[in-house]
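What follows is a set of notes on a single structure, which appears directly below.
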Amino acid sequence: ANSSRPFLSSHQMKVKVLSRNPDDYVRETKLDIQRVPRNYDPALHPFEVPREYTRALNATKLERVFAKPFLASLDGHRDGVNCMAKHTKSLSTLLSGSCDGEVKVWNLTKRECVRTLQAHEGFVRGMVVRFCGNSFFTVGDDKTIKQWKMEAPGYGEEEEPLNTILGKTVFTGLDHHQKEGVFATCGQQVDIWDEQRSSPIRSFTWGVDSFSSVRFNPVETELLASCASDRSIVLYDMRESTPLKKVIMNLRSNTICWNPMEAYYFTCSNEDYNLYTYDMRHLDRPVIVHMDHVSAVLDIDYSPTGKEFVSASFDKTIRIFPRDSGHSREVYHTKRMQHVICIKWSADNKYILSGSDEMNIRMWKANAAEKLGVLSPREREAVNYNQKLKEKFQHHPQIRRISRHRHLPKAIYSQAKELRVMKEARRRKEINVRKHSKPGTVPVVSEKEKHIVTVVK
Amino acid sequence: MAKISKKRESKKSRKPSKVTNKTTPVKPEVSYDDDDAEVVSEGDENITSEEEEDERKHQKLLEAISALGGKKKKKLAERSEAAVQMSEFTVNAEGEGDKIDLSDLIGTLNKTPAVPKKTKKQLQNLQTKNTIESPLSKQESERIQRDVAFQKSAAEVSRWTSIIKQNQRAEQLVFPLKQEPSGRRPVEKVVCGWKAQTPLEQEIFSLLSVNKQPINDPVLTPKEEASMRAMSLEDARIRRAELQKARALQSYYEAKATRERRIKSKKYHKVQNKAKRKEFLKQFDEMVKSNPAAALEELNKMELSRMQERMSLKHQNSSKWAKSKAVMAKYDGEARKAIQQQLEINKDLTEKLAASLNKEEGEEDEDVGDPEVLPDFVNDAETGSDPANPWMRGKLSAEPAEKEASDCEAPSVAMGNTEEEEDEQEVEETEEEALLREFDSRRKLRQSQESDKDPEMCVTDEEEAEEEHEATATDHPDTSDKEEEELSEFKSLLQGITDSQASRAEMPADAEPTQTSAPLEEGLVRIRTLEDIELLGQEEAPTDEAPAETQEPPSTQAPSSAPEKAKRKRKRAIDVKDVLTKEAKVIRVPLDPTVEDAEELDEKDGQRGLIKEAFAADDVISDFLKDKRKQEDAGKPKVVDLTLPGWGEWGGIGLKPSRKKRKKFRVKVAPPPPPRKDQNLPCVIISESRNSSACAHQVSSLPFPFKNPSQFESTIRTPSGRTWNTERTVKKITKPKVVTRLGAIIEPIAREDVMKDLMKNQKQALYYTAGGRGGSHLRFIQYPAAPF
């Protein structure tokens, strides 16, 4: 009750009036989001971790809900698709060659075949588009290399190759230089051709064997690598007269692919169900062994960002591996897809194209749950935030379980289980042997070293 | 043959060492392609490399030396049997198994004179000259070539190491790497393929060509093109940066100026102005010497500004005359009148002045001062002296409160006030200041005398209030005692609560009587109710309703509480339940959304009674306490009684085991657990046992890249959503690692683009030599480790 009398000064009382700048709460246009002043005081927003955890869980679940990777099937071939080639300048164009010597050019946006040509007798073994995008090369079982125009022949014109080179032996693979008019073929030996000449400017042999695949390094463009049937991977330099080095592995490698962003890494797909990433300077030991397939890996292609690669396997699945991880992040399969023979990752990093035994080419999304098309800024923000949350809580068991869960065909599932059991048994046996023998006599051989026989200089 | 085998052995022994020299120790041993080449002829074998050659020479020397010694032992040739090697020329070596050397024959040549000198010379030449080594085997030479080539290309490829590592570590990569400059493409590129076809177009084009205007490819005239080229992208960027900087600086200065202008402290401005003036004077002195014309101009300007200042009636309060009049005005009515007259004149004059800016008035001297203007406080003083004026009285009565609070400060404050009212420029007038101070202090004294009555009134008010309060306190002496007793009991019940809490609990009870005259009955809880209401803080005005509310409960609870008190008087030990239930009831009061009016009281009472009846069995607080006690007990180590009746003594019905025995066989199973976390929190139960349902969502082991749990926890703890972070931060945090443009082809990384920059940046860091092929390339001594 004491002196709570308000202090009144009659002559100089200042009255403070609430006044706000309309810029703070009025939006400029109708399309803008309403401005909501926010108070970031953490006391007002408690339980941040549980709340974010819930969001992460929801994001993960939604990701699995929306994971629908299969986009389209391109049918039209009358035999198994043996090889494919990406167009170097057009994202919507794909070329494919089948086992009956037919080559088809596809329009991916319309999902239809725009051109068909009988290129070879027997298999089309290899195909590549020239860097300019105006022509492409094919090799076939009929011992010929043919160069074709990318444009379809006009009305009344006959479908004829620009160039035909008759070789002495069957060619099994083909690749083109990144910037120059030079291409490489493989068969009995690896040949480097000048586009202007009918005989190879250089041919590399190293022992008697046949090669299954040859690829130019897209970064250090003078380097090549090839897989031979004597279980070896051989490196070449186009400027040298001899090969550089080779590594012999336990089983044969089928195809090889260089990382387009990291000059000295390449990955090979092997018959022993694994893929091996090598540093070309240290061939004695692969950098990473990528396991998960349950049958021979037939083809591999890197994503254009060099962060991931996709592999096609005889076990009728496609798997996507992060470049630096030993296990796949994604597996694609459909009921009707047979042994996948060839695979490509589209140049915009969005799609995967697979050609398989049962004459179909399939188009998949590279990220199964990704929304295609243009995203609004808010959508993009939400996607980014969800991605961040998933990444942040990836180690939490529930989230991990959901995000890693994939349905597999029964055959593959049981096969994988069997392989696991076998591997475990082998490991156990090795441990037992080591336990019961003189110390040092049974050395520990790491997984990476197990598969290498020797490096040949 | 012995020679050969020796050589082979030596070579074999050397080989592994050579391998270890050249390459790092490798698990699957590096094998050479020329394994089969080991069985090749002698000639192939003798030279592999220089060191091998040295070895060979050394070997030769050793053999020669040994041969020297051996010669003596050699037997003389005897032809006892048929020799194995028979020369057809009957020339036999000295030893039987030995062959003839060419050197043996040559030795005799020198002695024979028949041999021409020329041949001798030739022979000598032959002896001194080294023979040319035979070429390497194909396999060997290829292997060497391969090795060299591999080293070369490995070194070449190693240039990428830094870039690759950088990209792997990058927080965000934007693809395609080679971004085309955004913005519009020049028109000439767009219309490149277009040609004039119609006659009209052709005509236009011919006209253009006649006038030497650019037609298709360069849409710009040569002049324009030159100007375009002059301003390259780089230049434009630099220019833009400069402009940006200038703009930033400008805005900074503007902000600074506004900030300074907003400062209310007059002293600050005074000082600032003074400093400015000083500086200006300094400059002016210099200017007079250097540039008299400009100085004159400045002088004019100064004059003008002075005039303006004079004209503005801002500084004229402080003239001597006005001040003296002001002093007089307190005592002299005439002086007062004079001042008022002056004021009127002043008003008129100011109006006039505002209408027409007279120069003459501006030219008046400073010292004379304006008689027509008065300081503001004169008015105050005058009116203050008039006791009849109710407005002024109100004000004066208010002021002493301030003055009393700061006795000693008063003069200084007053001085400050007067100073504030003074002109900033007339600092030097200390005399006037002194005068003013005197006046001011006097005035205040008078005011304080006048307003003596008011404080007294206040005091009496206070006293009354206190008396009242005391009266209320004495009205319920029992209740207050009771209250305290209860409190102490309650404290003892909430065992484990420290003194601090107790005091905290006591505090509101103590504080209450000073605040309100409400009954002591609900002391502890009353406060809480008030607070709660405030917290709930809805439409009700808490200050108004609080007293009403506080009055209310006792009236409702009076009948019920009275008998209880009586009971409690009898038994010292207080039932916990009773106390707590009572409190629970009181707590419910603030939860009622509104405070009832007197008329509704009965109705509400009925309702409350209903609710009370309905929840009679619910005793939340005691339940809670029980729960907590139970939890605590469960955590305590159990004492197991292992006494067996009948062992070592008599047993049977009605016979208890002896105390000694019981003591002996009571075993504490576990050591006491660490103190509970909720030990000091009376209203909380913290369960320290593992929660299986929450466990399913928790990380059981430390994930890979993290070194310790705290590191991992910190990453989880920092929220990244918009609820907790500003928009910009969220954008920064949630930046995706890889960004690709829709529909853009991502080309492989190109050597030309990247290496150019790299060369620029690392020219000093790396040393490189001109390579044999295709320009310069770097040579790395060691390969860096693989990044994975």
Side-chain angles (χ1 to χ4, degrees), chain A residues 1-3 7-11 40 42 45 48-49 52-53 55 89 91 178 218-220 223 237 239-245 260-264 279-282 284-285 287-288 304-305 307 324 347-349 374 381 384-385 387-389 392 395-398 449 452-457, chain B residues 26-33 142-143 145-147 149-150 153-154 156-158 160 164 167 173 175 391 394-395 398 401 458 461-462 465 696-700 703 715-717 719-721 723-726 730-731 733-736 738 740 742-746 748-749 751 773 783 786 788:
Chain A
N2 75 340
S3 79
F7 176 80
L8 289 170
S9 54
S10 59
H11 66 302
Y40 294 107
H45 309 286
E48 54 264 24
V49 178
E52 289 217 313
Y53 175 77
R55 287 180 198 176
K89 297 288 172 202
L91 278 174
Q178 199 69 27
V219 186
E220 283 292 331
L223 297 177
D237 190 323
R239 299 159 295 193
E240 305 287 343
S241 56
T242 52
L244 301 180
K245 214 174 199 180
M261 290 293 158
E262 299 176 353
Y264 43 74
D279 183 335
M280 70 155 271
R281 300 165 301 172
H282 310 282
D284 48 298
R285 190 187 146 109
V287 181
I288 287 179
T305 59
K307 297 271 175 206
D324 49 359
D348 61 348
N349 198 32
V374 183
E381 263 170 43
N384 288 347
Y385 179 48
Q387 195 58 42
K388 175 75 187 173
L389 284 180
K392 185 172 160 188
H395 303 295
H396 287 67
Q398 291 292 306
E449 286 159 349
I452 308 293
V453 176
T454 182
V455 178
V456 187
K457 277 194 172 176
Chain B
V26 168
K27 210 33 256 298
E29 207 173 271
V30 177
S31 70
Y32 294 94
D33 196 34
E142 273 186 351
R143 190 174 65 72
Q145 275 181 11
R146 281 199 298 266
D147 212 16
F150 176 74
S153 50
E156 210 167 87
V157 159
S158 292
W160 289 94
I164 288 172
N167 281 352
L173 284 177
F175 294 104
W391 298 104
K395 192 198 163 194
C458 287
D461 276 355
E462 274 178 11
H697 295 273
Q698 283 167 340
V699 181
S700 56
T715 61
I716 295 296
R717 204 165 32 218
S720 49
T723 324
W724 299 275
N725 297 304
T726 57
V730 170
K731 266 197 185 147
I733 293 173
T734 60
K735 213 164 57 171
V738 174
T740 56
L742 211 61
I745 292 177
I746 301 168
I749 196 165
R751 186 168 39 189
R773 72 162 96 106
Y783 298 145
F788 295 127

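Bear in mind that the values here come from a model prediction, so they are computed numbers and not experimental data. In what follows, chains are A, B, ... by sequence order, proteins preceding strands, each numbered from 1.
Every residue two or more places apart in sequence or in another chain that forms a salt bridge (Lys or Arg N to Asp or Glu O under 4.0 Å) with A:R285 is listed here: A:E449. Residues meeting the salt bridge (Lys or Arg N to Asp or Glu O under 4.0 Å) test with A:K392, sequence neighbours left out: A:E52.
Nearest heavy-atom pair across B:W160 and A:A263 is CD1-CB, 3.4 Å. Closest of all the heavy-atom pairs between A:R281 and B:S158 is NH1-OG, 2.9 Å. Scanning both residues, A:N384 and B:P736, for their nearest heavy atoms gives ND2-CD, 3.6 Å. The minimum heavy-atom distance linking A:R55 with B:W724 is given by the pair NH1-CZ3, 3.7 Å. Between A:Q178 and B:P748 the shortest heavy-atom distance is NE2-CG, 3.6 Å. Residues B:S153 and A:L223 share a closest heavy-atom pair of CB-CD2, 3.9 Å.
A:K89 NZ to B:I745 CD1: the interatomic distance, rounded to the nearest 0.5 Å, is 7.0 Å. Atom NZ of A:K457 is separated from atom CZ of B:R146 by 11.0 Å, given to the nearest 0.5 angstrom. Considering CD1 of B:I716 and CD of A:E48, their distance stands at 12.0 Å, rounded to 0.5 Å. B:I746 CD1 to A:D348 CG: the interatomic distance, rounded to the nearest 0.5 Å, is 7.0 Å.
For a residue to count as touching a neighbouring chain, one of its non-hydrogen atoms must lie under 4.5 Å from one of that chain's; by this rule B:T726 touches chain A with backbone and side chain alike. For A:K307, the part lying near chain B is the side chain, with the backbone staying farther off; criterion is any non-hydrogen pair under 4.5 Å. For B:K735, no part sits under 4.5 Å from any heavy atom of chain A, backbone or side chain. Proximity to chain A involves both the backbone and the side chain of B:I733, based on heavy atoms less than 4.5 angstrom apart. Using a 4.5 Å cut-off between heavy atoms, B:A696 touches chain A through backbone and side chain atoms alike. Looking at B:V738, only its side chain comes within 4.5 Å of chain A, counting heavy atoms on both sides. Of the atoms belonging to A:P218, heavy atoms from both backbone and side chain fall under 4.5 Å from chain B. Of the atoms belonging to B:Q145, heavy atoms from both backbone and side chain fall under 4.5 Å from chain A.
The residue among A:V49, A:L389, A:V219 with the most heavy atom pairs within less than 4.5 Å of chain B is A:V219. Your options are B:T723, B:V699, B:L742, and the one with the most heavy-atom pairs under 4.5 Å with chain A is B:T723.
For the pair B:H697/A:H396, no side-chain contact is recorded, criterion being any heavy-atom separation below 4.5 Å from C-beta on.
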For side-chain contact (heavy atoms from CB on, under 4.5 Å), just list the numbers for A:M261 and B:L173, CA-CA rounded to whole Å, side-chain angles, deciding distance to a tenth of an Å, and then say yes or no.
-> CA-CA 11 Å; A:M261 290 293 158; B:L173 284 177; over 6 Å; no
